[in-house]
Amino acid sequence: METISQVLREFNVILTSLRASTHSDRVTLRLDCAPWAWRVDQVAAESCAPGESSLLGDDSIPQRDLATVQYIERTGTVLVQPDVTSTFVRPPAVLVTHYHVKAQMLGPILRRGQLMGWISVHDTHSVHAWDDLEVGALERAIVEIHHVLDEYV
């Protein structure tokens, strides 16, 4: 049990730093990780700005059926959506209507060639022209998540 607590602490540090670096409102990590009974339909770790709604505990969206998730699984690359209302890969309606996401980035966590999970970065206040530094921050966070997984899984 202590191992899971340590992993979550490390994930939270990574996600909080990413949220600050991207000037975003919410950052989530979803993982399929059998040793800890985690699955992508629930958020494993999250960092939210004060007053921001959390996605923790919401498993109402079948994540792997989403066009955004299928895109990062197919391409293995970061999906950058400066305006979720005008993008070629549609996010789920509930993300926009209930969680008020205006812009997002998704970064794949690939292990052994398979999509194990992803990091989502959300801006809920306005469209967001994610710049190269912010995309780079997401890419570094993915590497940091891999380091934690390499150490504990």
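This one's a predicted model, so the numbers in the text were calculated from it and none came from an experiment. Computed over heavy atoms, backbone and side chain alike; hydrogens, waters and symmetry mates excluded.
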Asker: Using the side chain to side chain donor-acceptor pair (under 3.5 Å) criterion, which residues pair with Ser120? Sequence neighbours excluded.
Answerer: none

Asker: Please, which pairs that meet ring pair (Phe, Tyr, Trp, His ring centres under 6.0 Å) have at least one residue in residues 93-128, sequence neighbours excluded?
Answerer: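 Every ring pair (Phe, Tyr, Trp, His ring centres under 6.0 Å) pair that includes a residue of residues 93-128, provided the two are not neighbours, is His128-Trp130.
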
Asker: Nearest 0.5 Å please: distance from the CZ atom of Arg30 over to the CD atom of Gln63.
Answerer: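 Those atoms lie 3.5 Å apart.
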
Asker: How far does CD1 of Ile72 sit from OG1 of Thr77, to the nearest 0.5 angstrom?
Answerer: 8.5 Å

Asker: Give, for atom CG of Leu55 and atom CD of Gln42, the distance between the pair rounded to the nearest 0.5 Å.
Answerer: 11.5 Å

Asker: Does the side chain of Gln104 reach to within under 4.5 Å of the side chain of Ser24, using non-hydrogen atoms?
Answerer: no

Asker: Filter on salt bridge (Lys or Arg N to Asp or Glu O under 4.0 Å), then keep only pairs touching residues 97-110, sequence neighbours left out; what's left?
Answerer: none

Asker: After noting the C-alpha distance and the side-chain angles of Leu115 and Leu110, does the key distance pass the side-chain contact (heavy atoms from CB on, under 4.5 Å) rule?
Answerer: CA-CA 5 Å; Leu115 183 67; Leu110 300 168; 3.9 Å; yes

Asker: Identify, with sequence neighbours excluded, every residue that meets side chain to side chain donor-acceptor pair (under 3.5 Å) alongside Thr68.
Answerer: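 Checked Thr68 against side chain to side chain donor-acceptor pair (under 3.5 Å); zero matches.
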
Asker: Test of understanding: with side-chain contact (heavy atoms from CB on, under 4.5 Å), list the residues that count as partners of Arg140, not counting sequence neighbours.
Answerer: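 Only Ala137 meet the side-chain contact (heavy atoms from CB on, under 4.5 Å) criterion with Arg140.
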
Asker: Check Asp65 against Gln70 and note the closest heavy-atom contact, atom names and distance.
Answerer: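 Asp65 and Gln70 have their closest heavy atoms at O-NE2, 3.4 Å.
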
Asker: For Arg19 versus Ala49, what's the shortest heavy-atom pair and its separation?
Answerer: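 Smallest interatomic distance, heavy atoms only, reads NH1-CA, 3.4 Å.
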
Asker: Where do Pro82 and Ala103 come nearest, in terms of heavy atoms and distance?
Answerer: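 Looking at all heavy atoms of both residues, the closest pair is O-CB, 3.1 Å.
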
Asker: Applying side-chain contact (heavy atoms from CB on, under 4.5 Å), run through Val121 and Leu138 and close with a yes or a no.
Answerer: CA-CA 8 Å; Val121 180; Leu138 174 54; 4.2 Å; yes

Asker: Quick one: which residue pairs count as a salt bridge (Lys or Arg N to Asp or Glu O under 4.0 Å) with a foot in residues 6-18, not counting sequence neighbours?
Answerer: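 For residues 6-18: Glu2-Arg9.
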
Asker: Drop me the distance from Leu15's CG to Thr28's OG1, to the nearest 0.5 angstrom.
Answerer: 8.0 Å

Asker: Are Leu106 and Leu95 joined in one hydrophobic group, where the rule is that I, L, V, M, F, W and Y side chains link up if heavy atoms are under 4.5 Å apart?
Answerer: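 They do not share one cluster, since no chain of ILVMFWY contacts under 4.5 Å joins Leu106 to Leu95.
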
Asker: Provide the full list of salt bridge (Lys or Arg N to Asp or Glu O under 4.0 Å) pairs with a residue in residues 143-153, sequence neighbours left out, each pair given once.
Answerer: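 Of all non-adjacent pairs touching residues 143-153, those that pass salt bridge (Lys or Arg N to Asp or Glu O under 4.0 Å) are Arg111-Asp150.
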
Asker: Please enumerate all residues that pass salt bridge (Lys or Arg N to Asp or Glu O under 4.0 Å) together with Asp41, with sequence neighbours excluded.
Answerer: Arg39

Asker: Test of understanding: clusters of I, L, V, M, F, W, Y form through side-chain heavy atoms closer than 4.5 Å, transitively. Do Val148 and Ile142 belong to the same one?
Answerer: yes

Asker: Apply side-chain contact (heavy atoms from CB on, under 4.5 Å) to Ser17 and list each qualifying residue two or more places apart in sequence or on a separate chain.
Answerer: Ser21

Asker: How close do Arg26 and Thr124 get, heavy atom to heavy atom, and via which atoms?
Answerer: NH2-CG2, 3.7 Å

Asker: What pair of heavy atoms forms the shortest contact from Ser54 to Cys48, and how long is it?
Answerer: CA-SG, 4.1 Å

Asker: Check the hydrophobic clustering (I, L, V, M, F, W, Y; side-chain heavy atoms under 4.5 Å; chains of links allowed) and say if Trp38 and Ile119 are grouped together.
Answerer: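 As far as the 4.5 Å side-chain criterion goes, Ile119 and Trp38 are connected within one cluster.
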
Asker: Show, in sequence, the C-alpha distance, side-chain angles and deciding distance for Trp36 and Leu31, and conclude whether the side-chain contact (heavy atoms from CB on, under 4.5 Å) test is met.
Answerer: CA-CA 10 Å; Trp36 298 321; Leu31 289 173; 6.0 Å; no

Asker: Flag yes if Val135 and Val101 sit in one hydrophobic cluster, no otherwise; membership is Ile, Leu, Val, Met, Phe, Trp, Tyr, and two members link when side-chain heavy atoms are under 4.5 Å apart.
Answerer: no

Asker: Quick one: which residue pairs count as a ring pair (Phe, Tyr, Trp, His ring centres under 6.0 Å) with a foot in residues 42-86, not counting sequence neighbours?
Answerer: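 Ring pair (Phe, Tyr, Trp, His ring centres under 6.0 Å) check on residues 42-86 returns Tyr71-Phe88.
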
Asker: I'd like to check the side-chain contact (heavy atoms from CB on, under 4.5 Å) partners of Asn12; sequence neighbours left out, ordered by chain and number.
Answerer: Ala45

Asker: Quick check on the hydrophobic clustering: are Ile61 and Val84 connected, directly or via other members, by side-chain heavy-atom contacts under 4.5 Å?
Answerer: no

Asker: Write out all pairs satisfying salt bridge (Lys or Arg N to Asp or Glu O under 4.0 Å) with one or both partners inside residues 69-89, taking only residues at least two apart or from two chains.
Answerer: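 Of all non-adjacent pairs touching residues 69-89, those that pass salt bridge (Lys or Arg N to Asp or Glu O under 4.0 Å) are Arg64-Glu73.
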
Asker: Calculate, to the nearest 0.5 Å, the distance between atoms OH and NE2 belonging to Tyr152 and His147 respectively.
Answerer: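 Result: 13.5 Å between the selected atoms.
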
Asker: Atom CG in Leu18, atom CD in Glu139: separation rounded to 0.5 Å?
Answerer: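 Nearest 0.5 Å value for the CG-CD distance: 11.0 Å.
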
Asker: One pair to check against side-chain contact (heavy atoms from CB on, under 4.5 Å): Met116 and Leu149. What are the steps and the verdict?
Answerer: CA-CA 11 Å; Met116 177 187 194; Leu149 293 171; 3.8 Å; yes

Asker: List the atom of Leu66, the atom of Pro92, and the distance in Å for their closest heavy-atom pair.
Answerer: CD2-CB, 3.8 Å

